[in-house]
Structure formats: C-alpha cells, structure tokens
Amino acid sequence: MLHEMQRLVKAAALAVGATGPFSRIQTPVASGRSFSMSQSLQQVSDPVWNLGRLNHVAIAVPDLEKASAFYRDVLGAQVSEAVPLQEHGVSVVFVNLGNTKMELLHPLGSDSPITGFLQKNKAGGMHHVCIEVDNINAAVMDLKKKKIRSLSDEAKIGAHGKPVIFLHPKDCGGVLVELEQA
C-alpha cells in the first residue's frame with residue numbers, strides 16, 4: 001500500500017513538471033496536501049464558515065529590534081514599527097512578504113504568554129500560524145461542537161483590529177492556530 005501511494009505521488013509530481021531533485025522535494029508536499037484535503041472534506045459536510053488564506057506566521061523573538069533589523073536591513077523586507085498590544089501581552093512587528101506576513105512577537109509585561117515560550121526557546125522560534133476565516137463566530141461555534149478547544153471563551157480584537165481566537169495546540173496537531181476574521 002505504501003509503495004503504491006509513493007508511486008501515485010511521484011506520478012502526480014511528474015505530471016506537474018517536477019523532475020530530478022525537485023520531484024523528491026514535492027513528494028511530501030503533494031501527499032500532505034491530499035491527506036489534508038480529503039480529511040477536511042470528510043469533517044465539514046455543510047460549512048457555515050470557510051477557511052481563507054494564511055494571514056501570517058508568528059515568530060517569538062528575544063530581541064525585537066535585532067529581529068526587525070535582520071528582516072529590514074539584511075533581507076530587505078518592509079518592516080512595520082513595533083506596536084504594543086497590552087490586552088495580548090505582546091509587542092508586534094509585521095514583516096511584509098508580499099503574499100503573506102510574518103509577525104515578530106516580543107513579551108510586553110511580566111504576564112506575557114511569550115515570556116514562557118522564550119524561557120523554553122531562548123533563541124525564539126515559530127509561535128503560531130494565523131489563518132483567515134470568513135465568519136469567526138460561526139467558526140468558533142462549529143469548532144466547539146467538534147471538540148476543538150480555544151484558549152479563550154470568545155474572540156478578542158487582534159493586531160489588525162479584527163476579531164481573533166486561538167485554538168488549543170493539543171487539538172491542532174501540536175500547532176497553535178490563530179483564526180482571524182477576514
């Protein structure tokens with residue numbers, strides 16, 4: 001069964017023009033995509049909300065100015081000014097990548113959820129992914145029915161001035177997922 005699946009994935013990669021060393025790179029991506037798509041189709045029969053695009057990938061950093069300077073001065077990215085978000089306990093900087101953003105997170109105050117993360121990951125690291133949804137309230141209600149826990153009872157206003165909610169990583173394959181109203 002595994003060999004048959006590998007053969008089909010390789011055939012699909014070749015069909016889209018992946019040859020040579022790149023066919024191996026695309027193989028896991030193609031198999032991961034087909035798994036995700038078939039799984040989501042089975043779980044959502046009549047959606048009242050839709051998943052949208054990747055809004056940003058958040059990276060916790062121990063030094064916000066140093067991280068900002070790296071993306072701005074070394075890589076040449078467009079980097080926003082730091083914005084303190086008291087209600088979330090973080091300062092954020094957005095790095096514009098054209099098709100999406102990276103959010104640099106730094107603790108703001110002693111109660112920041114980023115403080116504990118940085119104690120475990122001294123150099124920083126990926127903290128969460130943010131995906132847009134077209135109806136955050138419907139998404140929250142639907143996910144609760146599906147036993148997906150959130151880290152708060154209701155959505156809060158996030159860094160973009162839109163409602164956001166974080167889903168528990170233990171219910172999301174070990175990834176902290178933020179949903180944001182599109």
Side-chain angles (χ1 to χ4, degrees), residues 18 22 25-33 35-37 40 49-136 139-140 143 148-152 154-182:
F22 295 106
I25 291 171
Q26 285 195 343
T27 298
V29 173
S31 63
R33 283 186 182 152
F35 172 76
S36 298
M37 287 175 18
S40 64
W49 61 278
N50 293 297
L51 201 58
R53 70 180 189 94
L54 174 68
N55 184 283
H56 65 265
V57 174
I59 300 172
V61 297
D63 185 330
L64 193 56
E65 184 49 44
K66 185 177 177 182
S68 297
F70 170 75
Y71 289 102
R72 180 185 59 244
D73 302 338
V74 176
L75 297 183
Q78 191 177 44
V79 178
S80 76
E81 294 296 319
V83 176
L85 299 174
Q86 292 288 342
E87 63 277 11
H88 293 279
V90 295
S91 288
V92 298
V93 167
F94 283 98
V95 179
N96 188 345
L97 300 175
N99 62 344
T100 193
K101 298 178 284 295
M102 287 181 12
E103 178 183 52
L104 306 179
L105 299 170
H106 185 73
L108 182 63
S110 57
D111 294 340
S112 174
I114 302 304
T115 301
F117 182 90
L118 288 173
Q119 286 172 347
K120 295 175 190 168
N121 305 279
K122 300 287 186 208
M126 199 200 82
H127 186 262
H128 68 267
V129 297
C130 177
I131 305 169
E132 294 177 359
V133 294
D134 65 349
N135 186 334
I136 197 160
V140 169
L143 291 168
I148 304 297
R149 295 172 286 174
S150 59
L151 299 185
S152 61
E154 57 187 38
K156 298 177 182 179
I157 300 301
H160 298 115
K162 298 178 179 181
V164 300
I165 196 157
F166 286 87
L167 305 179
H168 201 294
K170 288 185 178 176
D171 297 341
C172 301
V175 177
L176 179 58
V177 175
E178 177 185 19
L179 298 180
E180 178 178 284
Q181 176 69 44

Trainee: Sequence neighbours left out, what passes salt bridge (Lys or Arg N to Asp or Glu O under 4.0 Å) with Asp171? Give chain and number order.
Mentor: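 Checked Asp171 against salt bridge (Lys or Arg N to Asp or Glu O under 4.0 Å); matches are Arg149.
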
Trainee: To the nearest 0.5 Å, what is the distance between CD1 (Ile59) and CE (Met102)?
Mentor: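 Going from the CD1 atom of Ile59 to the CE atom of Met102 covers 3.5 Å.
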
Trainee: For residues 108-119, dump all side-chain donor-acceptor pairs below 3.5 Å to protein atoms at least two apart in sequence or in another chain.
Mentor:
from	atom 1	to	atom 2	distance (Å)
Ser112	OG	Gly89	O	2.5
Ser112	OG	Ile114	N	3.1

Trainee: Search all heavy atoms of Ile165 against all heavy atoms of Ala155 and return the closest pair with its distance.
Mentor: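 Closest pair (atom of Ile165, atom of Ala155, distance): CD1-N, 3.9 Å.
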
Trainee: By the side chain to side chain donor-acceptor pair (under 3.5 Å) test, which pairs, at least two apart or in different chains, include something from residues 62-73?
Mentor: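 As it turns out, the side chain to side chain donor-acceptor pair (under 3.5 Å) pairs with a partner in residues 62-73, which skip direct neighbours, are Glu65-Arg72.
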
Trainee: Kindly determine whether Glu103 and His127 satisfy side chain to side chain donor-acceptor pair (under 3.5 Å), including the steps that lead there.
Mentor: CA-CA 9 Å; Glu103 178 183 52; His127 186 262; over 6 Å; no

Trainee: Looking only at non-hydrogen atoms, find the nearest pair between Ala82 and Pro84 and report the distance.
Mentor: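 Answer, listing the atom of Ala82 first, then Pro84: O-CD, 4.0 Å.
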
Trainee: Taking the side chain from Gln181 and the backbone from Ile136, do they hold a donor-acceptor pair closer than 3.5 Å?
Mentor: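 Checking the backbone N and O of Ile136 against the side chain of Gln181, a donor-acceptor pair under 3.5 Å is found.
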
Trainee: Could you list the residues that satisfy side-chain contact (heavy atoms from CB on, under 4.5 Å) with Val177, not counting sequence neighbours?
Mentor: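 In terms of side-chain contact (heavy atoms from CB on, under 4.5 Å), with neighbours along the sequence ignored, Val177 is linked to Val129, Ile131, Leu167, Cys172, Val175, Leu179.
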
Trainee: Compare every heavy atom of Ser80 with every heavy atom of Val93, then report the nearest pair and how far apart it is.
Mentor: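 The pair with the smallest heavy-atom distance is CG1-O, 3.4 Å.
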
Trainee: Is the side chain of Asn55 donor-acceptor paired with the backbone N or O of Cys130 at a distance under 3.5 Å, no angle test?
Mentor: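 Judged by distance alone, no pair lies under 3.5 Å.
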
Trainee: When you compare the side chain of Pro107 with that of Val90, does any pair of heavy atoms fall below 4.5 Å?
Mentor: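 Side chain of Val90 against side chain of Pro107, heavy atoms only: no contact under 4.5 Å found.
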
Trainee: Would a distance-only check, ignoring hydrogens and angles, find a side-chain to backbone donor-acceptor pair under 3.5 Å from His56 to Ala58?
Mentor: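 No; zero donor-acceptor contacts below 3.5 Å.
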
Trainee: Do you know the tightest heavy-atom contact between Leu176 and His128?
Mentor: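 Heavy-atom minimum between the residues: O-CB, 3.1 Å.
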
Trainee: How close do Ala123 and Pro62 get, heavy atom to heavy atom, and via which atoms?
Mentor: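 Result for this residue pair: O-CD, 3.6 Å.
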
Trainee: Which pairs count as side chain to side chain donor-acceptor pair (under 3.5 Å) when at least one residue sits in residues 154-165, sequence neighbours excluded?
Mentor: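 Applying side chain to side chain donor-acceptor pair (under 3.5 Å) to every pair that reaches into residues 154-165, excluding sequence neighbours, yields His160-Glu180.
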
Trainee: Tell me the side chain to side chain donor-acceptor pair (under 3.5 Å) pairs involving residues 87-100, sequence neighbours left out?
Mentor: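 Qualifying pairs, neighbours excluded: Gln78-Asn96.
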
